[in-house]
Amino acid sequence: LRYAPSATAVDLGTGRTAVAVSAGGLHTCAILDNGDLKCWGKDDYGQLGDGGSNSNTNAPSSTAINLGTGRTAVAVSAGEEHTCAILDNGDAKCWGRDAEGQLGDGGSNTNTNAPSSTAINLGTGRTAVAVSSGSNHICAILDNGDMKCWGYDYYGQLGGGGSSNQPSPVAVSGSNTWDSS
């Protein structure tokens, strides 16, 4: 069975184009040329970030994800059932499934259907410059070159030398410096 690409472009809004895209388990997210972020697809855990009723969608919403007043997205990474973004001020925010600490919020393990009003604590004065999501874990490169990861760690994928889930960012062993904050 062969599938042909759609002849119809994804409707991102009048005059809008995509500058970045990330495909997760069963959802897709795109950053638009104006910094807006939109997601579509499966939404059983809130991974679309629209603050709605966790309803699957087959097209981007007409409104962008609320990243905070005046905030735009500069990077996005969709995981299996969560999404993380870096904002224009270097903050990192995640939303969706949180069963293994994927949201990096310190341990509530509560699924969310929209980005939090507070950013992930990456350490005092630290910001994110890159983010990448696995199925159920996330890693970020920080502004000082360090790397921190959080979420599912059964196979040691967080790189901190352990094998237990981490609901807050932990430094990757061998990173330039180690900061327990």
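None of the values given here were measured: they were computed from a predicted structure.
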**Request:** Provide the closest heavy-atom pair for N109 versus A99 in the form atom of the first, atom of the second, distance.
**Result:** ND2-O, 3.1 Å
**Request:** Find out whether N56 and N58 are in side-chain contact, i.e. whether some heavy atom of one side chain is under 4.5 Å from a heavy atom of the other.
**Result:** no
**Prompt:** Within the distance-only criterion (no hydrogens, no angle test), does the side chain of N113 pair as donor or acceptor with the backbone N or O of G49 below 3.5 angstrom?
**Reply:** no
**Message:** Test: disulfide (SG to SG under 2.5 Å). Region: residues 8-78. Which pairs qualify, not counting sequence neighbours?
**Reply:** C29-C39
**Message:** Run the side-chain contact (heavy atoms from CB on, under 4.5 Å) test against T57 and tell me which residues pass, sequence neighbours left out.
**Reply:** W40, L48
**Item:** Sequence neighbours excluded, every pair satisfying side chain to side chain donor-acceptor pair (under 3.5 Å) that has a member inside residues 66-76
**Value:** R71-D88
**Prompt:** Considering only heavy atoms from C-beta outward, does the side chain of Q102 approach that of I138 to under 4.5 Å?
**Reply:** yes
**Prompt:** Would a distance-only check, ignoring hydrogens and angles, find a side-chain to backbone donor-acceptor pair under 3.5 Å from K38 to L32?
**Reply:** no
**Fill in**
Output for pair (D11 CG, S62 OG), nearest 0.5 Å, gives 9.5 Å
**Request:** Please name all residues satisfying side-chain contact (heavy atoms from CB on, under 4.5 Å) with S108, sequence neighbours left out, ordered by chain then number.
**Result:** D98, D105, T110
**Asked** Tell me the salt bridge (Lys or Arg N to Asp or Glu O under 4.0 Å) pairs involving residues 111-121, sequence neighbours left out?
**Response** none
**Message:** Between S168 and W150, is there a side-chain heavy-atom distance shorter than 4.5 Å?
**Reply:** no
**Message:** Other members of the hydrophobic cluster containing Y45, with the 4.5 Å side-chain heavy-atom rule, please.
**Reply:** none
**Asked** How many angstroms lie between NZ in K42 and OG in S55, if you round to the nearest 0.5 Å?
**Response** 13.0 Å
**Item:** Contact check, side chains of L67 and K93, non-hydrogen atoms, under 4.5 Å
**Value:** no
**Prompt:** Between R97 and H82, which heavy-atom pair has the shortest distance, and what is it?
**Reply:** O-CB, 3.9 Å
**Request:** Return the minimal non-hydrogen interatomic distance between A140 and A128, and the atom names on each side.
**Result:** CB-CB, 4.5 Å
**Asked** With sequence neighbours left out, which residue pairs that include part of residues 100-143 fulfil the disulfide (SG to SG under 2.5 Å) condition?
**Response** C139-C149
**Request:** Keeping to residues at least two apart or across chains, list the salt bridge (Lys or Arg N to Asp or Glu O under 4.0 Å) pairs with something in residues 19-32.
**Result:** none
**Prompt:** With E80, which residues qualify under salt bridge (charged side-chain N to carboxylate O under 4.0 Å, His left out), at least two apart?
**Reply:** none
**Prompt:** Do any pairs count as a disulfide (SG to SG under 2.5 Å) and have a residue in residues 91-137, sequence neighbours left out, and if so which ones?
**Reply:** C84-C94
**Request:** Might you point out which heavy atoms bring D91 and A119 nearest each other, and give the distance in Å?
**Result:** CG-CB, 3.5 Å
**Item:** side-chain contact (heavy atoms from CB on, under 4.5 Å) against I141, all qualifying residues, sequence neighbours excluded
**Value:** V129, A130
**Asked** Do any N or O atoms from the side chain of S133 and from the backbone of S77 form a donor-acceptor pair under 3.5 angstrom?
**Response** yes
**Asked** Roughly how far, to the nearest 0.5 Å, is CG of L37 from OG of S61?
**Response** 11.0 Å
**Pairwise side-chain contact, L26 with Q47, heavy-atom cut-off 4.5 Å (strictly under)** = no
**Request:** Measure up the Y152 and Y154 rings against each other and bin them: parallel (under 30°), tilted (30 to 60°), perpendicular (over 60°).
**Result:** parallel
**Fill in**
Correct closest heavy-atom pair for P115 and W95 would be CG-CE3, 3.4 Å
**Request:** Answer yes if I120 and I86 sit in the same cluster of Ile, Leu, Val, Met, Phe, Trp and Tyr residues linked by side chain heavy atoms under 4.5 Å apart, and no otherwise.
**Result:** yes
Could you tabulate the donor-acceptor pairs under 3.5 Å formed by side-chain atoms of residues 160-167, not counting sequence neighbours?
from : atom 1 : to   : atom 2 : distance (Å)
S164 : OG     : Q166 : NE2    : 3.4
N165 : OD1    : D153 : N      : 3.0
Q166 : NE2    : S164 : O      : 3.2

